[in-house]
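Below is one structure, written out as structure tokens, with a few remarks after it.
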Amino acid sequence: MSHASVSIGSAPYKMEVSGSSGHTLVADEPIELGGGNLGFSPDELLCSALGACTAATLKMYAAHKNWPLEQADIMVEIDRKSAGLPLLMRRVIKLKGSFTAEQTDRLLGIANKCPIHKLLANQTTIETVIEIL
């Protein structure tokens with residue numbers, strides 16, 4: 001099971017994020033929201049999760065099929081100005097390689113099956129426990 005731990009101290013909105021893999025990164029809010037812009041914002045982390053999962057899923061599938069995927073560039077944005085819920089996320093996938101129309105359609109279908117896409121596209125239950133230190 002994957003997990004991440006986030007710790008925030010006295011610096012306004014600067015957070016240290018540790019993953020189950022042992023990697024760490026800094027997250028922060030932008031200056032206009034009172035942060036120091038020292039790392040990815042929470043929205044950027046969410047976008048990067050979908051983008052990275054999409055890229056890895058496409059790379060694995062293309063390699064399995066021996067399809068000539070030279071490069072995949074994924075851009076993901078959250079539209080917080082969209083009316084109501086659910087929240088709108090836009091994903092643009094740019095592929096470098098020679099693909100038939102059928103292969104391109106299949107790659108789109110595979111992108112939509114990446115685990116993070118499926119998690120975000122379906123209703124997710126979040127259980128929360130608060131412990132006082």
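All values below were derived from every heavy atom in this structure, side-chain atoms included, with hydrogens, water molecules and symmetry-related copies excluded. Count residues from 1 along the sequence.
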Worksheet item: If you look at every heavy atom in Pro115 and Thr57, which pair is closest and at what distance?
Response: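 The answer is CD-OG1, 3.9 Å.
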
Shared hydrophobic cluster, [X] / [Y] (ILVMFWY, side-chain heavy atoms < 4.5 Å):
| X | Y | value |
| --- | --- | --- |
| Ile8 | Val26 | no |
| Tyr13 | Leu46 | no |
| Ile116 | Leu45 | no |

Worksheet item: Phe40: what forms a ring pair (Phe, Tyr, Trp, His ring centres under 6.0 Å) with it, not counting sequence neighbours?
Response: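 For Phe40 there are no ring pair (Phe, Tyr, Trp, His ring centres under 6.0 Å) partners, ignoring immediate neighbours.
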
Worksheet item: Any sub-3.5 Å donor-acceptor pair from Thr124's side-chain atoms to Leu119's backbone N or O?
Response: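 Such a contact is found between Thr124 side chain and Leu119 backbone.
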
Under 4.5 Å between any side-chain heavy atoms of [X] and [Y], yes or no?
| X | Y | answer |
| --- | --- | --- |
| Arg106 | Trp67 | yes |
| Val76 | Met89 | yes |
| Glu16 | Thr24 | no |

Worksheet entry | Neighbour count above 12 (heavy atom, 6.0 Å) for His64 NE2 | no

Discussion item. Tell me if the CE atom of Met75 is crowded by more than 12 foreign heavy atoms within 6.0 Å.
Written reply: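 Above 12, so yes.
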
Item to complete: Report yes or no: do Asp105 and Gln103 form a side-chain donor-acceptor pair below 3.5 Å?
Response: no

